[in-house]
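Because only heavy atoms are used, hydrogens play no part in the values below, and waters and symmetry mates are left out as well, while side chains stay in. Chain letters run A, B, ... following the sequence lines, proteins first and then strands; every chain starts at 1.
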Amino acid sequence: MSYVAIFMAWPYANGPLHLGHVAGNCLPADIQYRYERARGRRVLMCSGSDEHGTPITLTAEQMGVEPQFVVDKYHEINTKALADLGCSWVNPVDPRGPEFGGALYNRTSDDLHKEMVKEIFLQLLESGFLESKTMQQYCSINNDGSTKFLPDRYVEGECPTCKSDGARGDQCDNCGSTYEAHELLNPRSKLSPDSIIEVRDTNHYFLRLGDFQESLERHSSERQNVWKPNVRAMTKNWLDMGLRSRAVTRDIEWGIEIPLEGKDWKSKRVYVWFEAVQGYYTCAKIWAKRHASKSGHPLGEKAWEKWWKKSDGRDNTRHIYFMGKDNIPFHTIIWPAILMGLNASNKGEISHLSLPGDLILEDNVSANEYLLLQGGQFSKSRKHAVWLPSYLERYDADALRYYLSINMPETHDADFRWEEYVDRVNNELIGTYGNFVHRVMTLTHRIDSKEGNPLQDFDNPSNQTHIITEINKHIDSAISSMEKQRFKEALRSIMGIAQIGNSVLQEAAPWKYINQQDSKERSASLASLSLSWRICSCLAVCLRPFIPFSSDKLWKMLGNVNDIDLVLWEDSMDTSSDLSWNNEPPKPLFRRLDLEEILETESSLSDGGGAGNEEKDIRGDYIEFEDFMKVDMRTGKIISVDDHPNADKLFVIKIDEGNDSIRTVCAGLKGHYKESELVGQNVVFVANLEPRKLRGVMSEGMILAADDGEGGVKVLTTDGEINTGSRVR
RNA sequence: AGCGGGUUGGAGUAGUCAGGUUAUCUCGUCGGGCUCAUAACCCGGAGACCGGUGGUUCAAAUCCACCACCCGCUACCA
């Protein structure tokens, strides 16, 4: 029996998920989960919100609320967004039964998680893998006399070597010299620059990573053929530098308490990196306790052991982790070290090989690179992001799943561009796949039929074995890609099946024969259409992990009554069962996307309007003076205003910009102004904005207007007459 | 600055760790076909001295050295 555990790196509950998280983590994990199920394996998927750590306390402070409020809010938002994206967290127990597994999206503020983390802490402590050390840490002293330890990254000061200001951490940006983090001159807190800062001693526990160096090296060398180059390189780098102990506690109030007596430990918490990775393990146990045992798993609360403990029988268990590239060492070094430590505390010896009863180490750490947005990195503070919840409010989940799967940052950074998104969805998802399905459906529905599928009289798969063999080859290669977490390759193989389907139709040309009398040619042609019907079924099954919503739709449109998730990939090209039928007239699976419409929506969002309603974060949003001066704003007089021929909200406005020159600008002012109110106004416009077509009309700039976000819009005008073309600054 | 990664026809991308016959696939483009279908689909063609220079080798996109540019991490984002 095959057991597979899918682990997705825990999203930090400090904000909504964006498309980078989706492409790097959420989507690959869900695809793999659905795929493993479609191979008949027993799959458990675990992840959840990572809810501790300094950044969350800072967000809470900024919002003027408790940290729990912040994590509650984002846990809820993200849970819903993942469900809307079609990720499989919705069913905690596999519909086939609890012994087949399930999925739990938990959270690290869960009391059971906290308890288990404390147990693990004590177990590692008793086994000697944690050591206590005194370190120097910056501490800010508030006006009321209270003190607060500061993480190094929130402290800046002068470099002890070159005296340049703005140095942080343990290395100077200016001269490159290194020093201890607490050696900065005139340190100040970035959070409250006026506070007094001093260095104080503080006790902490450290995980003795060095103890695991040799075993980790062995483990790593065994994984060379499985890991992707980025994982190999990053891990090797850490191992080559030599592993040093890492603090597992820190001075902070938000987190899991240290399970030790003594006043000193009351003010400290478990370091979030040490605790969050344990979520993979605690989540499986919590799943067993809360879901599996209640649904009647034979092992009850011990159900988790099927996915976590090395068995002594023939059971085969694999662990696959999904994360972004910045998370690699936590999953190839730190987490395996913790697991080996737990195993060693039972058997007394550190080893990367697991004996029966041991917790098992990863089979693959599948780290993706980053998804960039229009060439730049996703950034919360710069509001350069497409947030998953807001995407899902406007667009289709499967379209996103398709585009991110076919363009996944598997081996290096990939770019999210709306142009490409529209292009690929329209051409590939809709053009090749959706259109194939629609051809088959509409053609079949045009054949006269008394009852059931009219193709059943023509079905003759034994004459088409070469095509069936070809399709099965595609399925096999998709399977072998999926076994290596190569999603792009797998999806391409499956899309190849739709292409085969299209050429089968092209060759058979059933549209010529549908209304003709019976003949040998007609029978042969409709036999091909019948095969195409079966190909649609096959596609629904194989595309299910990638685009679950439309697969489900197609499955029902085909009239299948069994559960699509119970059909295995290897059985998906079925030629033996009766042809299914659904009398409802077929509907297209997808709607074509309109690039101009999307760009218009997206640019109006990023222009300030409704975009950043998550938080008002004004700090850190400065631009350079030079950047501001790049914007060439000028005055002009509106000489004509016309309705845009193809848009509801746009006017096409001609502006006299001086020097006998006239400029055309599209402006979203319809509904706010009448044409006559605008003509003759002196307005301010951006003169050096790159011209862009808006719904078919070239717009050469942008008229400035104030927008209060609540429907009020007022154009900026000059206070009295001034020459057209005057520079505004 | 240190560390890591990248650079392959117009765009995106596979292949690089274990060197070896015509360098993969998708989009775009060009020509032809089809007209059932969501301006779609099918067939075919053109287009790359694999970032640069040098080296190792019978043989280099692949290994080595140096250089250029891009990105990430280090420094809250996967």
Side-chain angles (χ1 to χ4, degrees), chain A residues 8-12 14-15 17-26 28 53-56 58-59 151-154 156 168-178 190 224-225 227-230 232-234 236-238 240-241 322-329 367-372 375-382 385 406-407 409-415 417 419-420 423-424 426-428 430-432 434-444 446 486 488-489 491-493 495-496 498-499 501-512 514 529 586 588-592:
Chain A
M8 163 180 132
W10 291 51
Y12 202 52
N14 193 27
L17 292 166
H18 56 61
L19 299 193
H21 299 105
V22 175
N25 262 9
C26 313
T54 311
I56 282 170
L58 295 180
T59 301
D152 292 341
R153 62 171 173 262
Y154 294 115
E156 63 182 12
R168 281 172 292 176
D170 57 3
Q171 186 170 31
C172 176
D173 283 352
N174 190 47
C175 68
S177 65
T178 58
K190 293 181 73 183
Q224 291 304 299
N225 295 333
W227 284 349
K228 287 195 280 191
N230 57 352
R232 285 200 297 261
M234 184 73 80
K236 180 172 186 298
N237 191 238
W238 270 59
D240 289 352
M241 286 188 307
F322 293 94
M323 74 216 65
K325 60 178 162 187
D326 58 329
N327 240 325
I328 292 168
N368 273 341
E369 298 286 305
Y370 283 128
L371 181 74
L372 308 179
Q377 204 190 356
F378 276 74
S379 160
K380 187 174 154 186
S381 56
R382 279 178 288 131
I406 205 75
N407 188 32
E410 284 174 5
T411 52
H412 48 74
D413 293 348
D415 201 6
R417 277 178 295 154
E419 295 83 349
E420 200 192 333
D423 206 43
R424 299 201 83 132
N426 280 349
N427 285 314
E428 301 172 27
I430 302 180
T432 303
N435 187 45
F436 167 64
V437 168
H438 198 54
R439 295 172 87 184
V440 175
M441 291 294 141
T442 49
L443 284 167
T444 309
R446 279 172 50 196
R486 299 171 71 129
K488 290 200 273 199
E489 201 175 73
L491 183 51
R492 271 199 301 268
S493 296
M495 292 299 285
Q499 239 163 48
N502 274 317
S503 58
V504 166
L505 283 186
Q506 182 68 24
E507 178 119 351
W511 50 90
K512 287 184 187 163
I514 283 177
L529 183 56
L589 287 176
F590 309 97
R591 197 173 57 87
R592 279 181 70 84

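- No contact: A/M234 has no heavy atom under 4.0 Å from any strand.
- Whole-Å rounding puts the A/F436 CZ to B/rC36 P distance at 17 Å.
- Taking the side chain of A/D326 as heavy atoms from C-beta on, and the options B/rC34, B/rU26, B/rC77, the nearest nucleotide is B/rC77.
- Straight-line distance from the CG atom of A/L58 to the P atom of B/rA75: 15 Å, rounded to whole Å.
- If you take CG of A/N427 and P of B/rC41, they are 7 Å apart, rounded to a whole angstrom.
- Taking atom C1' in both B/rU13 and B/rG6, one finds a spacing of 13 Å when rounded to whole Å.
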Report summary line: In B/S/- notation (B base, S sugar-phosphate only, - none; protein heavy atoms under 4.0 Å), nucleotides 5-14 of chain B written 5' to 3' is S-----SSSS
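- B/rA68 sits 50 Å from B/rG32 when the P atoms are compared, rounded to a whole Å.
- Remark: the separation of the P atoms in B/rC36 and B/rG45 is 28 Å, to the nearest Å.
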**Report entry** Watson-Crick and G-U pairing of RNA chain B written in dot-bracket, each distance under 3.5 angstrom, with | for inter-strand partners
**Finding:** ((((((((.[[[..)....(....]]].(((((.......))))).....[[[[[..)....]]]]])))))))....
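- Using a 4.0 Å heavy-atom cutoff across all strands shown, A/F322 reaches no nucleic acid atom at all.
- Regarding A/L505, its CG atom lies at a distance of 14 Å from the P atom of B/rU35, rounded to whole Å.
- Distance check on atom C1': B/rC30 versus B/rC66 gives 42 Å, rounded to whole Å.
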Query raised in the report: Do A/K325 and A/D413 pass the side chain to side chain contact (heavy atoms under 4.5 Å, CB included) test, and can you show the C-alpha distance, the side-chain angles, and the key distance before you say yes or no?
Result: CA-CA 10 Å; A/K325 60 178 162 187; A/D413 293 348; 3.1 Å; yes
Query raised in the report: Does the side chain to side chain contact (heavy atoms under 4.5 Å, CB included) test come out yes or no for A/N502 and A/T432, once each step is laid out?
Result: CA-CA 8 Å; A/N502 274 317; A/T432 303; 4.1 Å; yes
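- A/R417 and A/D423 are not joined by a salt bridge, as no carboxylate oxygen comes within less than 4.0 angstrom of a charged side-chain nitrogen.
- Contacts of A/I406 with the nucleic acid, taken as non-hydrogen atoms under 4.0 Å apart, are absent.
- Counting non-hydrogen atoms under 4.0 angstrom, A/R446 reaches the backbone sugars and phosphates but no base.
- Nucleotides B/rG19 and B/rA39, compared at atom P, are 50 Å apart to the nearest Å.
- Residue A/M323 comes nearest to A/N25 through the heavy atom pair CA-OD1, 3.0 Å, listed as atom of the first residue, atom of the second, then distance.
- Regarding A/L443, its CG atom lies at a distance of 16 Å from the P atom of B/rC41, rounded to whole Å.
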Query raised in the report: Should A/N368 and A/F322 be marked as a side chain to side chain contact (heavy atoms under 4.5 Å, CB included) after you check the CA-CA gap, both sets of side-chain angles, and the distance that decides it?
Result: CA-CA 8 Å; A/N368 273 341; A/F322 293 94; 5.9 Å; no
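- Interatomic distance, CD of A/E410 versus CD of A/E369, reported as 11.0 Å (0.5 Å rounding).
- The OG1 atom of A/T444 lies 12.0 Å from the CZ atom of A/R439; values are rounded to the nearest 0.5 Å.
- With 3.5 Å as the limit, one finds no donor-acceptor pair spanning the side chains of A/K488 and A/N407.
- Per the geometry, CD belonging to A/E507 stands 13 Å off P belonging to B/rC42, to the nearest Å.
- The CZ atom of A/R486 sits 14.0 Å away from atom CG of A/L491, with the distance rounded to the nearest 0.5 Å.
- Separating the C1' atom of B/rC64 from that of B/rG28 is a span of 38 Å, rounded to the nearest Å.
- Applying the 4.0 Å criterion to OP1 and OP2 of B/rU38, one finds that A/N426 has every side-chain N and O outside that range.
- B/rA48 and B/rU8 have their P atoms separated by 15 Å, with the value rounded to a whole Å.
- With contacts defined as side-chain heavy-atom distances shorter than 4.5 Å, the pair A/L19/A/L371 qualifies.
- Spacing between B/rC17 and B/rU22 at atom C1', rounded to whole Å, works out to 26 Å.
- If you check B/rC77, B/rC41, B/rU38 against the side chain of A/H18, the one that comes closest is B/rC77.
- Residue contacts shown for A/G20 include a base, since a base heavy atom lies under 4.0 Å away.
- Every residue was checked against the side-chain contact (heavy atoms from CB on, under 4.5 Å) condition with A/R591, not counting sequence neighbours, and none meets it.
- Each of A/Q499 and A/W10 was assigned the nucleotide of RNA chain B with the nearest heavy atom; the assignment lying further toward the 5' end belongs to A/Q499.
- Of the candidate nucleotides B/rC73, B/rU38, B/rC42, B/rC42 has the atom lying nearest to any side-chain atom of A/S503.
- In this structure, A/L372 places its CG atom 13 Å from C1' of B/rC77, rounding to the nearest Å.
- The two residues A/Y370 and A/P409 make their nearest non-hydrogen contact at O-CB, 3.4 Å.
- Between the P atom of B/rC34 and the CZ atom of A/R439 lies a distance of 14 Å, rounded to the nearest Å.
- Map A/A498 and A/I430 each onto its nearest nucleotide of RNA chain B; the residue landing nearer the 5' end is A/I430.
- At the heavy-atom level, A/I514 lies nowhere under 4.0 Å from the strands shown.
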